[in-house]
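Below: one structure, written as structure tokens.
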Number of protein chains: 2
Amino acid sequence: MTETFKPPSQADVAALAGVSSQTVSRVANERSNVDEETRQRVLSAMQVLGYRPNSAARALVTGRFRMLGVISFSLSAHGNSRTLQAISEAAQTAGYSVNLVGPESQTGGAMRKAFSKLTGQGVDGIIMIEAQILDHPDLRLPSGVPVVVADGDPDQLHPSVDNNQAVGAEAATAHLLGLGHRTVWHLAGPQDSYSARRRAAAWFSTLKRAGAPVPAVLYGDWSAGSGYAIGRRLAEDKDVTAVFVANDHMALGLIKALREAGREVPRDVSVIGYDDIPESGFFHPPLTTVHQDFEEVGRLCVSLLLDQLAHGHRPGGEERSMVTPQLVVRESTAPPPR
Amino acid sequence: MTETFKPPSQADVAALAGVSSQTVSRVANERSNVDEETRQRVLSAMQVLGYRPNSAARALVTGRFRMLGVISFSLSAHGNSRTLQAISEAAQTAGYSVNLVGPESQTGGAMRKAFSKLTGQGVDGIIMIEAQILDHPDLRLPSGVPVVVADGDPDQLHPSVDNNQAVGAEAATAHLLGLGHRTVWHLAGPQDSYSARRRAAAWFSTLKRAGAPVPAVLYGDWSAGSGYAIGRRLAEDKDVTAVFVANDHMALGLIKALREAGREVPRDVSVIGYDDIPESGFFHPPLTTVHQDFEEVGRLCVSLLLDQLAHGHRPGGEERSMVTPQLVVRESTAPPPR
DNA sequence: ACAGTATGAACGGACACTTGA
DNA sequence: CTCAAGTGTCCGTTCATACTG
């Protein structure tokens, strides 16, 4: 067994530099009232010892950990890991670290548990990524810690950042309609997903506004496999000439099913995806889709949270930031056949 | 501004329960020598007050945070986010939380910085995901904190968990050779990637052992775009009948480029990928690839780390766990033309 | 002597004061 | 009276030790 490694303390640095621990504290916190010559001496003593302020001790007295909690149910969803990455970077540049927890399920109870685990760890604020509270929509979290919700259900009382699903889904649907399709089918994400519901709603209203018939919504689970399964059914209906799919993965599966049934994309059927994952331009055919800026979402979450931290909790009630998506037209959409 | 929220302390609970704070501490830590009746009284007092032990104070005295640090350069790589997810889950069930940091670059300096940031935060152990130290391969991390390296350069002195790249790459290459191809080209990942180098090495030695000619290695950057660019060049060489691509994303781009050049997969060229991302079975054609079990890697990392924590640091020198990948044969590989 | 409980250090750092020029 | 540097007490827990019926 290696002997226990004892990290150097303020006192050790102070001793080496020949000053009091208070002065070391001042240097560490970049206070003004310390002589430049002394400062240098302390700094080099820190260097020599490899001193790192003990965050536990600091947090104990300041009450702040400089740590952000992130609750994310699934990292396998493309958008979530991108958002997390952006959050991590933004937090880091602001001098915060990120504490990640995944709730056991998407129930209010599990959420509350994850939440209190985080507050118990002493986080200064919490970001919930794509938080769907399935069983109890109006979850009241214990207050005291600022919260920001990313791409989640905004029925709540917390500020939120969201990709503007309405704009994206409308652009997708309108693009297809503009190409001359009589109407547009919709393969949606799971019904319990807030984003999926928003996309479906915008698709619906765009159709309505255009006076187009509204086909029954189809539901997948975001996976390529579910897109494939639905695609097989859809391929049998020759009326289907345009499908707006709620994410790129499902679109991939759908296209495969259509092709296998002898229906070419975009010749017979136009397909549009959502997300614009880095691979979608290399699909066969290259996928027309809606680009989402997850990096921006992550950055916004952090800055909103930091604002709350700085100015007291939730200055102006329910704040809501929207990030605008962008239609990316590639080769999976075309005018209808004949 | 809302009034400052002051969390209840041990002392508050003690006062309410009519015991000393010491007793509360015993209850919180599930010590034996507490009267059951007293214990219940304390427990309900905790309930009422919503007491959560202050982890800063606890960590200050115990020196342990029950927190694992994870260093991951990029979460956009499929494998990394999967591994992280698994780590997070495993850590959670063991009662640990996860502190995530992304180093600014893959240099020894940035790594050391990330590392010391984590130790400063008081993590009990650190997992480095896909840690390539580019400028200074034999990075000596300050000791005192157990470390496990996942899918990284094992020249180091830390236990590591790795997908067995040799087995996977050999299986891929042998599969192609077995189909009757005279030899197999290789589109590798970036040269600074340890995994990429391992795959290339195994491809090389498999070719050698079979007495097959060894074409020059091609290098991509893991992205579909780079696979596409290389694919355009490769398509011109009619000798190319089989390509082993170091990941599925690049394989997607490569196939697109081949198709555009009029070379059908697998009729004219066989392509095999690596990773088995969930979408690869829905590519056109469905991609033959090598499945990696990232979940297992994540779990192993945590259990190795926890072992070190329990039994003192690094019981038996350099430990190395290997997770065996699996060849998944789909439809992008076939015997060579003619 | 024994169960259970109370007591007073630390732990490392920040902050309000105080002191010395 | 300003500016640098030092002193003392506290943050919430745990642990060793002393205490009590």
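Lettering follows sequence order; numbering is per chain, from 1.
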How many whole angstroms separate atom [atom1] of [X] from atom [atom2] of [N]?
X: Gln10(B); N: dT7(C); atom1: CD; atom2: P; value: 14 Å
X: Arg66(B); N: dT14(D); atom1: CZ; atom2: C1'; value: 15 Å
X: Phe65(B); N: dC11(C); atom1: CZ; atom2: C1'; value: 12 Å
X: Arg64(A); N: dC15(C); atom1: CZ; atom2: C1'; value: 16 Å
X: Arg52(B); N: dT13(D); atom1: CZ; atom2: C1'; value: 15 Å
X: Asn29(A); N: dG13(C); atom1: CG; atom2: C1'; value: 9 Å
X: Glu30(B); N: dT14(D); atom1: CD; atom2: P; value: 12 Å
X: Asn33(A); N: dG6(D); atom1: CG; atom2: P; value: 12 Å

ask   = Less than 4.5 Å apart, any side-chain heavy atom of Asn29(A) and any of Ser25(A)?
value =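 Side-chain contact under 4.5 Å: yes.
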Closest listed nucleotide, where the reference is the side chain of [X] and the choices are [options]:
X: Gln22(A); options: dA6(C), dG13(C), dG8(D); answer: dG8(D)
X: Asp35(A); options: dG12(D), dA4(D), dT5(C); answer: dA4(D)
X: Leu60(B); options: dG6(D), dC11(C), dT13(D); answer: dC11(C)
X: Arg26(A); options: dC17(C), dG13(C), dT5(C); answer: dC17(C)
X: Asn54(A); options: dT13(D), dG6(D), dG12(C); answer: dG12(C)
X: Thr23(B); options: dG6(D), dG13(C), dT5(C); answer: dT5(C)
X: Val61(A); options: dG12(C), dA5(D), dT13(D); answer: dG12(C)

ask   = For Glu36(B), does the CD atom have more than 12 heavy-atom neighbours from other residues, nucleotides or ligands under 6.0 Å away?
value =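 Check passes, neighbour count above 12.
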message = Whether Ser25(A) contacts dG12(C) is assessed here as follows: a side-chain N or O lying under 4.0 Å from the phosphate OP1 or OP2. Is that the case?
response = no
task = Return no unless some side-chain N or O of Thr38(B) is found under 4.0 Å from OP1 or OP2 of dT5(C).
result =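 Yes, Thr38(B) has a side-chain N/O under 4.0 Å of OP1/OP2 on dT5(C).
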Assign [X] to base, sugar-phosphate, or nothing according to its heavy-atom contacts below 4.0 angstrom with the strands shown.
X: Val24(A); result: nothing
X: Ser21(A); result: nothing
X: Val34(A); result: sugar-phosphate
X: Arg31(B); result: sugar-phosphate

request  = Nearest 0.5 Å please: distance from the OG atom of Ser55(A) over to the CG atom of Leu60(A).
outcome  =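 One gets 11.0 Å once the value is rounded to the nearest 0.5 Å.
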key: NZ/NE/NH1/NH2 to OD/OE distance under 4.0 Å, Glu295(B) and Arg299(B)   = no
query = Which residue lies toward the 5' end of DNA chain D, Ser9(B) or Ser20(A), if each is placed at its nearest nucleotide?
reply =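 Counting from the 5' end, the first nearest nucleotide belongs to Ser20(A).
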ask   = So, Asn163(B) versus Asp151(B): side-chain donor-acceptor pair below 3.5 Å or not?
value =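 Distance-only check passes for Asn163(B) and Asp151(B).
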ask   = Got a donor-acceptor contact below 3.5 angstrom from the Asp124(B) side chain to the Met67(B) backbone?
value =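 Judged by distance alone, yes, a pair lies under 3.5 Å.
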